[in-house]
Visitor: 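The following block contains the structure, expressed as structure tokens.
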Amino acid sequence: MKFYLNLAYILIFLLLLSACGDNEATQKQRFLIKGNNQLSEQNYRDAIRYYTEALKIDSCYLEALNNLGTVFYKQGKHNAAIPYYDAALACDPSYLAAYFNRVNANYELDALYRSLSDLEYLQRQKPDTATVYFALGLVKTKLREFEAAEAAFSKALQLDTDNEEINVNLATVKYYLGQMEVSKRHLKQILDKNPEQAEAYNTLSMIAMAEKEYPQALEYIETALEFSPRQPFFVNNKGYIQLQLGQLEEGKNTINQGISLDPYNAWAYRNKGIYHLKNGNPKEALRLLERSQKMDAFIEKIYYYLGEAYRQNEKKAKACQLWQQGAEKGEEESVEALATYCD
């Protein structure tokens with residue numbers, strides 16, 4: 001009789017433990033769901049509070065760690081997001097969602113080789129996933145490795161043939177490779193299927209700019225802005241076109257609008273520097289152009305414009321040095337400036 005009494009106590013104790021375990025699992029899941037609901041409504045403070053409560057129950061709750069990173073990522077606080085992705089991967093080095101999110105955060109921070117390292121792991125784990133090759137194409141594009149980017153986007157398109165975003169980025173890379181007519185055909189095919197594809201109009205505008213067809217470029221970018229009026233890169237591109245059309249004050253105002261939408265866009269500071277070059281203020285131009293280069297070393301024509309700023313500040317030797325660097329990177333304007341101003 002004593003044996004069965006003890007056994008009954010043991011069974012009751014085990015049931016209580018099980019109930020506590022289930023209760024903790026239910027509690028942390030409830031906090032996660034509440035956090036997700038707040039995140040979807042952009043109530044970031046409450047989302048953080050709920051995810052933090054979930055982590056008090058389980059410090060290695062992967063979804064809560066990953067989603068906390070996403071809260072900061074969505075606010076543009078990419079440096080703050082990465083430690084949460086790191087923590088999730090410290091708990092489970094095979095947790096793929098955190099790898100994908102860390103790729104995106106490092107991409108935004110221009111920590112491109114860190115993104116590539118994570119993408120190499122993802123390629124091994126998910127070799128037939130279009131998202132992996134799409135992200136690889138974006139990173140390679142930002143590194144100005146356009147042939148590698150084209151190969152990555154082409155692979156992504158093989159795996160997801162109807163993906164509009166992949167199609168647009170492939171067409172954009174063809175523009176960077178100088179395949180203007182191919183890119184135009186590709187973009188017009190995209191617009192035949194979706195006449196509201198803003199990115200396609202933006203790339204057509206870039207092609208028109210490259211061909212110095214600025215009125216046409218302005219028409220395309222204004223169409224893009226009809227569909228995405230607060231896209232800072234579109235706004236900035238419009239400002240640049242206005243500068244090229246001699247609409248200096250309109251261009252400056254548009255560029256300032258773009259900076260207010262995204263104060264971390266290095267291209268906007270380049271373009272504001274160009275405004276000051278055209279408006280006879282080379283000291284301010286130099287300050288802005290140097291800021292642009294520090295923010296992003298891959299800005300198009302940055303060596304040419306920096307050289308011109310130094311020339312206008314009567315520092316010819318430095319200007320020629322920069323134009324030489326620009327010429328080595330294929331900047332046609334730098335080649336012309338070298339021939340015109342340098343011995």
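Nothing fancy with the numbering, it's 1 onward along the sequence.
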Visitor: Measuring centre to centre across the rings, with the benzene-like ring taken for any Trp, is Y341 within less than 6.0 Å of W323?
Guide: yes
Visitor: Can you tell if the side chain of L116 reaches within under 4.5 Å of the side chain of L143, non-hydrogen atoms only?
Guide: yes
Visitor: Taking a hydrophobic cluster as the set of Ile, Leu, Val, Met, Phe, Trp and Tyr residues connected by side-chain heavy atoms closer than 4.5 Å, whether directly or through intermediates, do L191 and L170 fall within one such cluster?
Guide: yes
Visitor: Compare every heavy atom of A268 with every heavy atom of I259, then report the nearest pair and how far apart it is.
Guide: CG1-CB, 3.5 Å
Visitor: What's the separation between atom CG in N43 and atom OH in Y50, rounded to the nearest 0.5 Å?
Guide: 10.0 Å
Visitor: Donor-acceptor pair, Q75 side chain versus V71 backbone, under 3.5 Å?
Guide: yes
Visitor: As an exercise, state the distance from CG of N313 to NZ of K283, rounded to the nearest 0.5 Å.
Guide: 7.0 Å
Visitor: Give a yes/no verdict on a cation-pi contact between R144 and F298, requiring under 6.0 Å between NZ or CZ and the six-membered ring centre and an angle within 45° of the axis.
Guide: no
Visitor: Between Q42 and K74, is any pair of side-chain heavy atoms under 4.5 Å apart?
Guide: no
Visitor: For K278, does the NZ atom sit with more than 12 other heavy atoms under 6.0 Å from it, leaving out its own atoms?
Guide: yes
Visitor: Is the number of heavy atoms from other residues, nucleotides or ligands under 6.0 Å of E63 CD greater than 12?
Guide: yes
Visitor: Nearest 0.5 angstrom please: T172 OG1 to N202 CG, how far?
Guide: 7.5 Å
Visitor: Taking the six-membered ring for Trp, is the centroid-to-centroid distance between F31 and Y51 below 6.0 Å?
Guide: no
Visitor: Under 6.0 Å from the CD atom of E250, do we count more than 12 heavy atoms belonging to anything else shown?
Guide: yes
Visitor: Give the minimum heavy-atom separation between F153 and L138, together with the two atoms involved.
Guide: CZ-N, 3.5 Å
Visitor: Going hydrophobic residue to hydrophobic residue with side-chain gaps under 4.5 angstrom, can you get from I207 over to L245?
Guide: yes
Visitor: Do K142 and Y107 meet the cation-pi criteria used here (NZ or CZ under 6.0 Å from the six-membered ring centre, within 45° of the axis)?
Guide: yes
Visitor: Does atom CD of E249 have more than 12 heavy-atom neighbours, drawn from other residues, nucleotides or ligands, at distances under 6.0 Å?
Guide: yes
Visitor: Take I299 and Q293 through the test side-chain contact (heavy atoms from CB on, under 4.5 Å) and record every step on the way to the result.
Guide: CA-CA 7 Å; I299 294 290; Q293 188 187 36; over 6 Å; no
Visitor: Side-chain polar contacts of residues 117-131 - donor-acceptor pairs under 3.5 angstrom, sequence neighbours left out - could you list them?
Guide:
{"from": "D118", "atom 1": "OD1", "to": "R102", "atom 2": "NH2", "distance (Å)": "2.9"}
{"from": "D118", "atom 1": "OD2", "to": "R102", "atom 2": "NE", "distance (Å)": "2.8"}
{"from": "D118", "atom 1": "OD2", "to": "R102", "atom 2": "NH2", "distance (Å)": "3.4"}

Visitor: Please state whether the rings of Y176 and F146 are parallel, tilted or perpendicular, taking 30° and 60° as the class boundaries.
Guide: parallel
Visitor: Does NZ or CZ of R270 fall inside the cone over Y240's six-membered ring, less than 6.0 Å from its centre and within 45° of the axis?
Guide: yes
Visitor: In sequence, state the C-alpha distance, the side-chain angles, and the governing distance for D92 and C60, and then conclude on side-chain contact (heavy atoms from CB on, under 4.5 Å).
Guide: CA-CA 8 Å; D92 181 357; C60 265; over 6 Å; no
Visitor: How far apart are the closest heavy atoms of L243 and G251, and which atoms are they?
Guide: CD2-CA, 4.1 Å
Visitor: At what distance, to the nearest 0.5 angstrom, does NZ of K34 lie from CD of Q29?
Guide: 12.5 Å
Visitor: Quick check on the hydrophobic clustering: are L55 and L62 connected, directly or via other members, by side-chain heavy-atom contacts under 4.5 Å?
Guide: no
Visitor: Would Y73 and F134 show up in the same hydrophobic cluster when neighbours are defined by side-chain heavy atoms closer than 4.5 Å?
Guide: no
Visitor: Look only at the side chain of S205 and the backbone of Y201, and say whether a donor-acceptor pair between them is shorter than 3.5 Å.
Guide: no
Visitor: Are any side-chain N or O atoms of T161 and backbone N or O atoms of Q158, one a donor and one an acceptor, separated by less than 3.5 Å?
Guide: no
Visitor: Are the aromatic ring centres of H78 and F72 under 6.0 angstrom apart?
Guide: no
Visitor: Side chains of Y310 and E290: donor-acceptor distance under 3.5 Å anywhere?
Guide: yes
Visitor: Could you pull out all donor-acceptor pairs under 3.5 Å where a side-chain atom in residues 217-231 meets a protein atom, sequence neighbours excluded?
Guide:
{"from": "T223", "atom 1": "OG1", "to": "E219", "atom 2": "O", "distance (Å)": "2.9"}
{"from": "Q231", "atom 1": "OE1", "to": "F233", "atom 2": "N", "distance (Å)": "2.6"}
{"from": "Q231", "atom 1": "OE1", "to": "F234", "atom 2": "N", "distance (Å)": "3.2"}

Visitor: If I take atom CD from residue E331 and atom CD from residue E336, how far apart are they, to the nearest 0.5 angstrom?
Guide: 11.5 Å
Visitor: What pair of heavy atoms forms the shortest contact from Y85 to T70, and how long is it?
Guide: OH-N, 3.2 Å
Visitor: Report yes if the side chains of E284 and N281 come closer than 4.5 Å at any heavy-atom pair, otherwise no.
Guide: yes
Visitor: Taking all heavy atoms of V103 and all of S115, pick out the closest pair and write down the distance.
Guide: O-OG, 2.9 Å
Visitor: Does the side chain of N265 come under 3.5 Å of the side chain of D262 through a donor N or O and an acceptor N or O?
Guide: no
Visitor: If Ile, Leu, Val, Met, Phe, Trp and Tyr residues are connected whenever their side-chain heavy atoms lie under 4.5 Å apart, and connections chain through other members, are I302 and M206 in the same group?
Guide: yes
Visitor: I'd like to know whether Q244 forms a side-chain contact (heavy atoms from CB on, under 4.5 Å) with M209, so could you lay out the CA-CA distance, the side-chain angles of the two residues, the decisive distance to 0.1 Å, and finally the verdict.
Guide: CA-CA 9 Å; Q244 300 308 312; M209 281 189 267; over 6 Å; no
Visitor: Using only atom types and a distance under 3.5 Å, with no angle test, would you say the side chain of S292 pairs donor to acceptor with the backbone of A266?
Guide: yes
Visitor: Looking at I57 and K28, what are the two nearest heavy atoms and their distance?
Guide: CD1-N, 3.8 Å
Visitor: side-chain contact (heavy atoms from CB on, under 4.5 Å), that's the test. Do N66 and Y84 meet it? Break it down for me.
Guide: CA-CA 6 Å; N66 184 59; Y84 292 103; over 6 Å; no
Visitor: Residues in side chain to side chain donor-acceptor pair (under 3.5 Å) with E150, at least two apart?
Guide: K174
Visitor: Has Q197 got a side-chain atom pairing as donor or acceptor with E199's backbone, closer than 3.5 angstrom?
Guide: yes
Visitor: With a 4.5 Å limit on heavy-atom distance, are the side chains of R311 and E308 in contact?
Guide: yes
Visitor: So do N256 and K272 actually touch side chain to side chain, heavy atoms under 4.5 Å?
Guide: yes
Visitor: Quick one: does T141's side chain get under 4.5 Å of V173's, heavy atoms only?
Guide: yes
Visitor: Please indicate whether Y264 has more than 12 foreign heavy atoms, meaning atoms of other residues, nucleotides or ligands, lying under 6.0 Å from its OH.
Guide: no
Visitor: Rounded to the nearest 0.5 Å, what separation is found between the CD atom of E333 and the OG1 atom of T340?
Guide: 11.5 Å
